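Below: one structure, written as structure tokens.
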Amino acid sequence: MTDTATDTDTIVAVATAPGRGGIGVIRLSGKEALPIARRMARPGLSAQPRVAHFTGFHDANGEEIDQGLLLYFPGPASFTGEDVVELQGHGGPVILDQLVREAVQLGARPARPGEFSLRAFLNDRMDLTQAEAIADLIDAGTAEAARAAMHSLQGAFSREVNTLVESLIALRMYVEAAIDFPEEEIDFLSDGKVVADLSALISQLERVLQEARQGQLLRDGMTVVIAGRPNAGKSSLLNQLAGHDAAIVTDIAGTTRDVLRESIQLDGMPLNVVDTAGLREAPDRVEQEGIRRAWREIRNADRLLVVADLAAVTDLDADLRTLLPDSDAELTELSVPVTLVLNKSDLVESAPQTDHLPWPCFPVSARSGDGLAALTDHLKQVAGYRDSDSSRFSARRRHLVALEEAASALANGQAQLAGHQAGELLAEDLRQAQKALEEITGAFSADDLLGRIFSSFCIGK
């Protein structure tokens with residue numbers, strides 16, 4: 001998609017979801033969008049801007065394919081900044097495909113994934129974070145995620161980043177003036193301005209970074225893997241978290257032999273829960289493969305819920321080594337953060353002491369749901385999730401990386417200033433921080449980055 005910046009073709013695509021529906025929309029964008037649409041519509045159609053015109057849609061032989069509405073949005077005041085036409089007809093896939101093929105016969109080109117949004121970005125109709133927010137809004141799995149994506153689409157994230165960039169530019173100008181014009185006697189070390197402004201900028205960036213982490217959590221959620229020995233109650237715990245019988249539960253060891261995934265919500269926070277096969281010396285190849293897949297999921301988890309059967313545990317400290325058998329590391333050595341779930345608490349008189357253990361521990365009954373509220377509150381806490389906040393915006397992993405790079409550059413500049421009074425090095429760190437921030441909104445971006453971002457969009461958007 002790296003050649004799209006100079007692409008002047010008129011593009012066409014179905015803008016509604018695949019499948020059958022009452023309404024289907026064909027979208028065209030480019031200088032030939034209106035002439036092509038007029039040739040498909042009834043003869044003599046005026047196509048006034050932003051007025052819905054009822055018309056038939058015809059093929060080259062004049063045979064009517066469908067009937068519906070034609071809307072014309074002249075550029076640059078359109079979604080893409082180019083002339084845009086929408087043909088709104090019936091939502092049958094055969095009909096929509098015929099309309100697209102007819103538009104192609106008349107000179108349009110099938111749009112690439114995300115090409116309409118890419119053109120909107122290239123034509124300054126929106127910045128990169130707003131373009132990404134469109135995809136995030138479409139893909140939102142919770143109401144909170146949708147609300148955050150809408151805030152980003154409205155420019156909330158962009159404004160935060162642009163404010164940081166403006167502060168950086170002002171500080172750079174002051175520092176570089178002191179370096180380039182020493183005869184002006186700008187002593188940026190003794191007057192304390194740079195130290196104070198840099199400290200304020202670092203604090204401001206940390207606040208935005210925290211909000212971005214929250215936005216990324218709302219978008220992607222946290223992946224929690226449930227693991228442990230057979231019959232510990234892993235699948236029952238999954239069913240309690242999911243709120244329905246997602247997994248088969250029996251008293252036969254090894255019932256779960258493959259990875260089972262459920263996407264749920266915890267007060268608006270997406271949670272990707274993965275149930276795995278019980279870990280043991282497997283008697284057959286099928287279960288061995290399930291255990292191999294379980295370990296793959298464990299190593300890629302954001303958090304691991306290790307389920308122990310309280311009814312079968314006689315000495316918790318002694319049994320900890322056996323909770324994850326066949327591990328290449330002790331439980332305390334796993335790189336994945338661990339939460340210990342002491343299941344079947346309803347079958348014992350009292351839960352064992354766990355204050356001395358290095359992990360958070362929660363007694364629960366996966367059968368009755370007792371203790372589940374404390375466990376879910378814990379998951380929200382360790383994820384850093386906060387309750388509804390209207391100031392949120394959506395964010396992606398690349399945004400966090402850019403913000404962290406900017407924070408690292410500012411921290412390095414602060415250290416150079418404090419330790420060596422090195423104004424030249426501070427100026428370079430400020431420049432690197434600005435570059436990282438401008439990558440977020442696309443003020444500075446490479447073609448390969450744009451290709452990676454927009455290729456993940458759906459066709460027609």
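These numbers were taken from a predicted model, which means no experiment stands behind them. Basis for what follows: all heavy atoms, side chains included, without hydrogens, waters or symmetry-related copies.
With hydrogens and angles ignored, the 3.5 Å screen pairs a side-chain donor or acceptor of Arg398 with a backbone N or O of Glu439. Panel note: side chain Ser345, backbone Val364; a donor-acceptor pair is recorded below 3.5 Å. Under a 3.5 Å cut-off, the side chain of Thr339 and the backbone N or O of Leu305 do not form any donor-acceptor pair. Remark: the backbone N or O of Leu153 is paired with a side-chain donor or acceptor of Gln130 at under 3.5 angstrom. A donor-acceptor pair under 3.5 Å links the side-chain atoms of Gln240 to the main chain of Ala366, judged by distance alone. Listed for the Asp83 side chain is a donor-acceptor partner under 3.5 Å among the backbone atoms of Gly75. The closest donor-acceptor contact from the side chain of Asn343 to the backbone of Ala232 lies under 3.5 Å. With Thr376 contributing its side chain and Ala373 its backbone, the two residues share a donor-acceptor pair below 3.5 Å. In this structure a side-chain-to-backbone donor-acceptor pair under 3.5 Å is missing from Lys31 to Glu82. A donor-acceptor pair under 3.5 Å is absent between the side-chain atoms of Asn123 and the main chain of Gly81, judged by distance alone.
Residues Leu118 and Arg112 have side chains not in contact (no heavy-atom distance under 4.5 Å, counting atoms from C-beta outward). Here the side chains of Val161 and Asp127 are not in contact, with every heavy-atom distance at 4.5 Å or above. No side-chain heavy atom of Met269 sits less than 4.5 Å from a side-chain heavy atom of Glu144. Using a 4.5 Å heavy-atom threshold, the side chains of Leu205 and Leu437 count as touching. The shortest side-chain heavy-atom distance between Lys380 and Asp267 falls under the 4.5 Å cut-off. For the pair Leu209 and Leu400, the minimum side-chain heavy-atom distance is below 4.5 Å. Within the 4.5 Å cutoff, the side chain of Leu426 has heavy atoms near those of the Val194 side chain. Contact of the Leu237 side chain with the Leu375 side chain is registered, since non-hydrogen atoms from C-beta on lie closer than 4.5 Å.
With respect to the salt-bridge test (charged N to carboxylate O, under 4.0 angstrom), the residues Glu160 and Arg207 qualify. Under 4.0 Å is where a charged nitrogen must lie from a carboxylate oxygen, and between Lys435 and Glu405 no such pair does. Between Glu289 and Arg293 there is a salt bridge, since at least one side-chain N of the basic residue sits less than 4.0 Å from a carboxylate O of the acidic one. A salt bridge between Arg213 and Glu404 is present, with a side-chain N of the basic residue lying under 4.0 Å from a carboxylate O of the acidic one. At a threshold of 4.0 Å, the pair Asp309-Lys344 counts as salt-bridged, since one of the basic side-chain nitrogens sits closer than that to a carboxylate oxygen. Using a 4.0 Å cut-off between charged nitrogen and carboxylate oxygen, Glu166 and Arg159 do not count as a salt-bridge pair.
Rounding to the nearest 0.5 Å places CG of Leu410 at 10.5 Å from OG of Ser203. Going from atom CG of Leu340 over to atom CG of Leu304 covers 10.0 Å, rounded to the nearest 0.5 Å. From Arg119, atom CZ reaches atom CE of Met126 across 14.0 Å, with rounding to the nearest 0.5 Å. For the atom pair CG of Leu168 and CZ of Arg431, the computed distance is 12.0 Å after rounding to the nearest 0.5 Å. The structure places CD of Glu438 at 9.0 Å from CG of Asn162, a figure rounded to the nearest 0.5 Å. Distance check: Leu271 CG to Leu241 CG gives 7.0 Å after rounding to the nearest 0.5 Å.
Counting all heavy atoms, side chain and backbone alike, Ala406 lies closest to Ala436 at N-CB, 4.0 Å. Of all non-hydrogen atoms in Ala212 and Leu403, the two that sit nearest each other are CB-CD1, 3.5 Å. Looking at every heavy atom in both residues, Gly442 comes nearest to Phe121 through O-CZ, 3.8 Å. Shown here for Ala108 and Val12, the closest heavy-atom pair between the two residues is CB-CG1, 3.8 Å. Here the shortest heavy-atom pairing between Asn272 and Ser263 reads OD1-OG, 3.6 Å. Closest non-hydrogen pair, Gly268 versus Thr142, comes out as O-OG1, 3.3 Å.
In Ile23, the CD1 atom is not crowded: 12 or fewer heavy atoms of neighbouring residues, nucleotides or ligands sit closer than 6.0 Å. More than 12 heavy-atom neighbours from other residues, nucleotides or ligands sit within 6.0 angstrom of CZ on Arg50. Surrounding CD of Gln381 are at most 12 heavy atoms belonging to other residues, nucleotides or ligands under 6.0 Å away. With a 6.0 Å radius and a threshold of 12 heavy atoms from other residues, nucleotides or ligands, Arg303 has its CZ atom above the threshold.
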Using the rule given for side-chain hydrogen bond (donor to acceptor under 3.5 Å, both in side chains), can you reason through Ser152 versus Ser394, listing the C-alpha separation, both sets of side-chain angles and the distance that settles it, and then say yes or no? CA-CA 6 Å; Ser152 280; Ser394 64; 3.2 Å; yes

Candidate pair Glu428 and Gln432, rule side-chain hydrogen bond (donor to acceptor under 3.5 Å, both in side chains), full reasoning: CA-CA 6 Å; Glu428 175 60 19; Gln432 291 294 337; 2.9 Å; yes

Residue pair Glu211, Arg392: steps toward the side chain to side chain contact (heavy atoms under 4.5 Å, CB included) verdict: CA-CA 6 Å; Glu211 287 291 325; Arg392 285 180 185 159; 4.0 Å; yes

Thr16 vs Ile26, side chain to side chain contact (heavy atoms under 4.5 Å, CB included): CA-CA, chis, key distance, verdict: CA-CA 8 Å; Thr16 42; Ile26 301 295; over 6 Å; no

Taking it one step at a time, do Ile440 and Leu128 satisfy side chain to side chain contact (heavy atoms under 4.5 Å, CB included)? CA-CA 7 Å; Ile440 296 175; Leu128 201 50; over 6 Å; no

Go through the steps to decide whether Gln204 and Thr163 satisfy the test side chain to side chain contact (heavy atoms under 4.5 Å, CB included), and finish with yes or no. CA-CA 9 Å; Gln204 184 182 4; Thr163 299; 3.2 Å; yes

Enumerate, atom names and distances included, each donor-acceptor pair closer than 3.5 Å involving a side-chain atom of residues 215-225, sequence neighbours excluded.
{"from": "Gln216", "atom 1": "NE2", "to": "Asp220", "atom 2": "OD2", "distance (Å)": "2.9"}
{"from": "Arg219", "atom 1": "NE", "to": "Asp136", "atom 2": "OD1", "distance (Å)": "2.7"}

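Figure legend: cation-pi geometry between Arg125 and Phe116 absent, as NZ or CZ is not positioned both under 6.0 Å from the six-membered ring centre and within 45° of its axis.
Applying the side chain to side chain donor-acceptor pair (under 3.5 Å) test to residues at least two apart or on different chains, the pairs with a partner in residues 71-81 are Ser29-Thr80.
The residue from Phe362, Tyr385, Trp359 that alone fulfils the ring-ring contact (aromatic ring centres under 6.0 Å, His included) condition with His378 is Phe362.
In this structure, His399 and Phe157 have perpendicular ring planes: the angle between them is above 60°, well past the 30° mark.
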